[in-house]
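Below, all heavy atoms of this structure are taken into account, side chains as well, without hydrogens, waters or symmetry copies. Sequential numbering from 1 along the given sequence is applied to the chain's residues. Model, not experiment: these values are computed from the prediction.
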Amino acid sequence: MKKVLMMAAGLLVISAPMFAHHGDAGRYNEDLVTVNGTVVDMQLVDPHSVIVFDVEENGKPVRFQAELNGRGGLSKMGWTKNTLKPGDKITVTGRRVKSGAPYMNLTDRANIVMAADGKEIFRTENYGTNTPKRPAAQGRPGN
């Protein structure tokens, strides 16, 4: 019985990293889309911050959400709760969810530009390439 318990504990320890972080394989289109919108809200939270913004599609406003790095990663880039404010006009490039819902991922080949002055306020390391980021090791911080 002792051996069985030790084997079970060992398997649990070995498999723990698999549960540490979710992947997005297959959830988002690989093709990038660019949309123009007006900020409604920004939520600097972990594990992924969210920008809520309105985009006009087919002449009607559509409420979008875009997930990006967590609060810690964004604060290292100089982001604060005032980086984006309601009413700010932005241009967002990222991957849209395959379901067609108004939801985007900004963790791969993505950027955000302020429409008023053209200032880029967010850019992933691989923005402007056709190379998706390499899948991260499960459980590694910052993924």
Side-chain angles (χ1 to χ4, degrees), residues 4-143:
V4 170
L5 288 174
M6 288 192 59
M7 283 179 42
L11 286 173
L12 184 63
V13 169
I14 291 170
S15 64
M18 291 184 350
F19 301 105
H21 192 269
H22 63 87
D24 69 5
R27 184 173 176 203
Y28 298 97
N29 290 314
E30 287 303 314
D31 294 334
L32 300 177
V33 297
T34 300
V35 295
N36 298 304
T38 303
V39 174
V40 173
D41 188 30
M42 179 179 68
Q43 302 161 8
L44 284 177
V45 295
D46 288 319
H48 296 282
S49 294
V50 175
I51 300 170
V52 180
F53 56 104
D54 288 336
V55 173
E56 191 170 308
E57 286 189 342
N58 301 319
K60 296 181 181 180
V62 176
R63 176 90 13 118
F64 266 70
Q65 290 188 19
E67 75 175 44
L68 57 163
N69 301 343
R71 176 181 51 208
L74 290 172
S75 65
K76 288 178 185 176
M77 296 171 55
W79 278 49
T80 70
K81 63 181 181 175
N82 296 315
T83 299
L84 287 174
K85 297 174 285 314
D88 284 346
K89 306 275 189 215
I90 57 175
T91 300
V92 180
T93 301
R95 297 180 301 144
R96 191 164 176 175
V97 71
K98 285 183 177 180
S99 70
Y103 196 87
M104 295 176 72
N105 177 290
L106 304 182
T107 63
D108 181 38
R109 296 175 288 146
N111 82 332
I112 302 171
V113 175
M114 300 299 290
D117 60 8
K119 180 180 178 187
E120 183 176 72
I121 61 168
F122 176 80
R123 171 191 281 252
T124 59
E125 289 181 18
N126 63 349
Y127 177 74
T129 73
N130 287 329
T131 308
K133 73 178 182 179
R134 182 176 51 86
Q138 295 293 320
R140 198 166 71 200
N143 298 318

(message) As a quick check of understanding, evaluate side-chain contact (heavy atoms from CB on, under 4.5 Å) for V92 and I51, giving each step before the final call.
(response) CA-CA 10 Å; V92 180; I51 300 170; over 6 Å; no
Determine the minimum heavy-atom distance between [X] and [Y], stating which atoms define it.
{"X": "T131", "Y": "D108", "result": "O-OD1, 4.5 Å"}
{"X": "G70", "Y": "S49", "result": "C-OG, 3.6 Å"}
{"X": "A66", "Y": "F53", "result": "CB-CE2, 3.8 Å"}
{"X": "Y28", "Y": "K98", "result": "O-CE, 3.4 Å"}
{"X": "A110", "Y": "G94", "result": "CB-CA, 4.1 Å"}
{"X": "K81", "Y": "M42", "result": "O-CE, 3.7 Å"}

(message) I'd like to know if the side chain of N29 reaches the main chain of D31, judged simply by a donor and an acceptor atom lying under 3.5 Å from each other, with no hydrogens or angles considered.
(response)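 No; zero donor-acceptor contacts below 3.5 Å.
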(message) Taking L84's backbone N and O only, do any of them form a donor-acceptor pair with W79's side chain (distance below 3.5 Å, no angle check)?
(response)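 The answer is no, because no donor-acceptor pair under 3.5 Å joins these two groups.
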(request) Provide the full list of ring-ring contact (aromatic ring centres under 6.0 Å, His included) pairs with a residue in residues 80-121, sequence neighbours left out, each pair given once. (result) none
(request) Dump the intermediate steps for side-chain contact (heavy atoms from CB on, under 4.5 Å) on N69 and K76, then the final yes or no. (result) CA-CA 11 Å; N69 301 343; K76 288 178 185 176; over 6 Å; no
Drop me the distance from [X]'s [atom1] to [Y]'s [atom2], to the nearest 0.5 angstrom.
{"X": "H48", "Y": "Q65", "atom1": "NE2", "atom2": "CD", "value": "13.5 Å"}
{"X": "N111", "Y": "L68", "atom1": "CG", "atom2": "CG", "value": "11.5 Å"}
{"X": "M77", "Y": "I121", "atom1": "CE", "atom2": "CD1", "value": "8.5 Å"}
{"X": "M104", "Y": "L32", "atom1": "CE", "atom2": "CG", "value": "8.0 Å"}

(message) Test side-chain contact (heavy atoms from CB on, under 4.5 Å) on E67 and L106; report intermediate values, then the result.
(response) CA-CA 6 Å; E67 75 175 44; L106 304 182; over 6 Å; no
(message) Would E30 and R109 count as a side-chain contact (heavy atoms from CB on, under 4.5 Å) here? Give the steps.
(response) CA-CA 10 Å; E30 287 303 314; R109 296 175 288 146; 3.1 Å; yes
(message) The criterion is ring pair (Phe, Tyr, Trp, His ring centres under 6.0 Å); which residues satisfy it with F122, sequence neighbours excluded?
(response) none
(message) Can you confirm whether more than 12 heavy atoms, excluding those of N82, are under 6.0 Å from its CG atom?
(response) yes
(message) Can you tell me if N58 has over 12 outside heavy atoms packed within less than 6.0 Å of its CG?
(response)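 Atom CG in N58 is not crowded, with 12 or fewer foreign heavy atoms closer than 6.0 Å.
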(request) Sorted by first residue and then second, give each salt bridge (charged side-chain N to carboxylate O under 4.0 Å, His left out) pair with at least one member in residues 42-59; sequence neighbours left out. (result)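 Only D46-R71, D54-R63, E57-R96 qualify under salt bridge (charged side-chain N to carboxylate O under 4.0 Å, His left out).
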